[in-house]
Amino acid sequence: MTVPELRPWRAAQPHVARAAGAVRPRLARAARAAGPRLARFARAAKPQLARVTRPKTWQYTAGAATAGLALAAGVVTAAGPWDSTGQRTAERDRAAALERTGGVDHGRGSGGSGTTSGPPRPAPSAGSVLAGLGGASGGVPGGVKAPPGGEALDDVLGPLLDDPAFGTRRAAAVVDLTTGKRLYGLGADAPLTPASTTKIATAVAALAALGPDHRLTTRTALEADTGEVVLVGGGDPTLTAREDARGLASLRTLAGKTAAALKKRDVRKVTLSYDTTLYAGEETHPIGVNENLARVTALMADEARTDGSTRGPAPRVPDPAADAARTFAGFLKQHGITASSPGPSKATDRADTLATVSSPPLAALVERMLTNSDNDLAEALARHTALATGESADFEGVSAAVPARLKQLGLPVRGARFHDGSGLDRTDRITADLLTALLAEAADPARPELRPVLTGLPVAGFTGTLTSRSTEGAAGLVRAKTGTLTGVNTLAGTMVTAEGRLLAFAFLASGTTDAWAAQTALDRLATTLVAGSAA
């Protein structure tokens with residue numbers, strides 16, 4: 001098996017090489033302590049995990065002293081990549097106690113400081129993410145052992161990929177981000193259904209098109225001729241009507257600002273309308289009405305959820321825009337402004353803006369989307385990418401805009417198909433090569449604007465969709481986006497090996513018949529890859 005050099009954009013050196021050097025001593029100590037355990041696990045991974053029939057959450061305790069936990073806690077403290085908004089600290093504390101946290105915002109909005117009010121802070125400095133691994137100088141540091149490649153890695157991963165749990169088609173790719181070499185590939189150029197790993201591509205395209213500091217703005221406008229107030233949707237699904245906005249754009253705040261502006265004009269009664277024309281085309285996703293996402297519209301509050309939840313499947317209101325406008329009218333009334341029952345309209349160019357509220361920066365939205373696998377955010381960011389690319393803000397525009405942006409970055413998009421931003425569309429296609437290239441691009445020191453793609457990935461055993469997955473031997477070492485549809489199971493992300501090397505990987509399986517077996521087999525691949533160099 002050959003291990004071809006990747007193009008320059010795929011290699012994160014020399015920064016990652018310096019990173020590995022800085023963290024090497026601490027990782028080496030942890031690896032020596034955990035080595036025998038990891039080696040035993042690697043050798044016995046298949047029979048052990050085959051017995052798992054249901055997900056099991058690894059419970060961390062304050063007094064835990066097992067080698068696996070020592071390794072996980074050590075790496076969570078020392079290694080990365082990490083963001084600069086407190087996630088490293090939160091996850092370290094989680095390893096020492098029983099405190100579960102969310103993603104980058106830890107369930108506190110995007111301010112990152114723990115406050116629950118005030119405007120969101122600017123996008124975190126991307127430099128801290130890879131620099132969090134250290135700052136020694138150039139080249140692959142002496143004593144850092146390269147992970148196996150070629151036939152050696154084929155001997156490790158090949159038998160695992162033969163597992164019938166992977167269904168009728170499977171693909172895999174592993175890339176060393178220090179050297180830029182592909183260490184392993186199996187059908188890596190074959191386009192398969194990616195499920196939610198599509199969100200990695202959506203994130204890269206959105207950040208490349210809009211920049212990490214871009215914000216989504218919702219506003220109100222007054223039509224001077226008619227006195228009509230128009231609530232103009234800005235395509236921000238995180239707009240919230242909750243009393244505690246937690247750093248998000250607040251519909252209550254917008255109502256207060258709007259009421260104040262109207263009172264200055266001595267207006268106490270208005271005709272209220274709402275404008276969703278930022279988006280075009282069909283609002284219903286091709287999968288139809290589904291609790292995994294709301295209708296795709298430029299105006300909604302709290303993702304149109306009816307159960308008070310903030311993530312995961314939930315019942316949704318049938319008309320998110322109308323519901324948000326009615327809620328807004330109620331808030332206006334609390335400020336002494338009487339509004340008519342709202343209906344759809346379009347703000348003219350002559351309308352005066354009364355008030356605005358803005359989302360957290362795109363960097364934080366991307367992290368939230370990836371950590372929580374947020375389908376509503378994914379579809380919104382895909383449409384904003386289409387707008388920024390000059391395409392229409394609909395599913396057709398997304399299909400053109402996302403691959404166009406990725407192609408501009410020099411990424412291998414041949415065979416890729418994007419029919420949505422979330423990956424819920426079964427006709428989407430992505431290769432394992434493209435997924436690892438996306439991750440390598442996000443790790444490139446020349447692309448700091450893409451760093452939220454790495455910082456937003458769920459952390460095995462700690463956050464998001466990996467909270468209770470890959471916990472035996474890979475906790476704190478693997479950051480990855482999961483993907484699940486009926487008959488489709490995928491996993492793509494980054495990992496720190498026991499030798500301190502940073503790898504990108506992508507595993508895709510189609511035609512699976514047992515979701516739990518496929519998920520377990522994917523986690524076995526990731527865990528074995530982490531432990532491989534120690535074994």
Side-chain angles (χ1 to χ4, degrees), residues 5-20 80-85 87 104 122-135 138 173 175-182 197-214 361-371 381-382 384-385 388-389 401-413 416 418 421 430-431 433-457 479-481 492-496 501-506:
E5 289 283 350
L6 295 180
R7 292 172 57 188
W9 48 259
R10 293 191 182 181
Q13 67 180 63
H15 284 44
V16 177
R18 295 200 299 267
W82 303 100
D83 61 43
S84 61
T85 64
Q87 185 163 320
V104 62
S125 170
S128 68
V129 175
L130 292 181
L133 279 168
V175 170
D176 181 349
L177 292 179
T178 303
T179 64
K181 286 183 179 180
R182 186 214 275 176
T197 54
T198 298
K199 293 182 177 74
I200 297 174
T202 300
V204 169
L207 288 165
L210 299 162
D213 296 310
H214 182 78
L362 190 69
L365 298 182
V366 162
E367 290 175 320
R368 172 172 168 160
M369 174 189 71
L370 293 170
T371 297
L381 297 186
H384 283 282
T385 301
T389 309
V402 171
R405 285 290 171 177
L406 301 185
K407 187 174 182 179
Q408 285 180 4
L409 294 173
L411 295 165
V413 297
F418 299 94
I430 295 182
T431 65
D433 267 345
L434 176 54
L435 283 170
T436 51
L438 288 162
L439 294 163
E441 186 80 353
D444 189 340
R447 295 286 184 188
E449 72 276 13
L450 301 183
R451 209 70 77 244
V453 176
L454 300 184
T455 62
L457 293 173
R479 300 181 71 111
K481 183 70 200 73
T494 64
M495 64 173 61
V496 180
R501 299 294 290 242
L502 186 63
L503 308 183
F505 67 92

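What you see is a predicted model; the values in this text were computed from it and never measured. All values below were derived from every heavy atom in this structure, side-chain atoms included, with hydrogens, water molecules and symmetry-related copies excluded.
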Asks: Does Arg479 use its side chain to pair, donor to acceptor, with the backbone of Leu454 at less than 3.5 Å?
Replies: yes
Asks: To the nearest 0.5 Å, tell me how far Arg368 CZ sits from Leu365 CG.
Replies: 8.0 Å
Asks: Lys481: which residues meet the side-chain hydrogen bond (donor to acceptor under 3.5 Å, both in side chains) condition with it, sequence neighbours left out?
Replies: Ser373
Asks: Dump the intermediate steps for side-chain contact (heavy atoms from CB on, under 4.5 Å) on Leu439 and Leu177, then the final yes or no.
Replies: CA-CA 9 Å; Leu439 294 163; Leu177 292 179; 5.7 Å; no
Asks: Name all residues meeting the ring-ring contact (aromatic ring centres under 6.0 Å, His included) criterion together with Phe505; count only those two or more places apart in sequence or in a different chain, and write none if there are none.
Replies: Phe507
Asks: With a 4.5 Å cut-off on side-chain heavy atoms, are Ile430 and Leu435 touching?
Replies: yes
Asks: Could you tell me whether Glu449 and Arg447 have a side-chain N and a carboxylate O separated by less than 4.0 Å?
Replies: yes
Asks: Of all heavy-atom pairs between His214 and Leu210, which one has the smallest distance, and what is that distance?
Replies: CB-O, 3.5 Å
Asks: Go through the structure and list residues passing side chain to side chain contact (heavy atoms under 4.5 Å, CB included) with Ala173, not counting sequence neighbours.
Replies: Ala188, Ala432, Asp433, Thr436
Asks: Show, in sequence, the C-alpha distance, side-chain angles and deciding distance for Val366 and Leu207, and conclude whether the side-chain contact (heavy atoms from CB on, under 4.5 Å) test is met.
Replies: CA-CA 8 Å; Val366 162; Leu207 288 165; 4.0 Å; yes
Asks: Identify the heavy atoms of Ala209 and Arg405 that sit nearest to each other, and give their distance.
Replies: CB-NE, 3.5 Å
Asks: For Ala206, check side chain to side chain contact (heavy atoms under 4.5 Å, CB included) against everything at least two apart and list the hits.
Replies: Leu362, Leu381, Thr385
Asks: Write down the atom of Leu370, the atom of Val453, and the distance for their closest heavy-atom approach.
Replies: CD1-O, 3.5 Å
Asks: Run the numbers on Asp444 and Leu450 for side-chain contact (heavy atoms from CB on, under 4.5 Å), then give the verdict.
Replies: CA-CA 8 Å; Asp444 189 340; Leu450 301 183; over 6 Å; no
Asks: Ala203 and Met369: which non-hydrogen atoms are nearest, and at how many Å?
Replies: CB-CE, 3.7 Å
Asks: Any side-chain heavy-atom pair from Pro412 and Thr431 closer than 4.5 angstrom?
Replies: no
Asks: Identify the heavy atoms of Leu409 and Ala208 that sit nearest to each other, and give their distance.
Replies: CD1-CB, 4.2 Å
Asks: Is the backbone N or O of Gly456 less than 3.5 Å from a side-chain atom of Thr371, with the two atoms forming a donor-acceptor pair by type?
Replies: yes
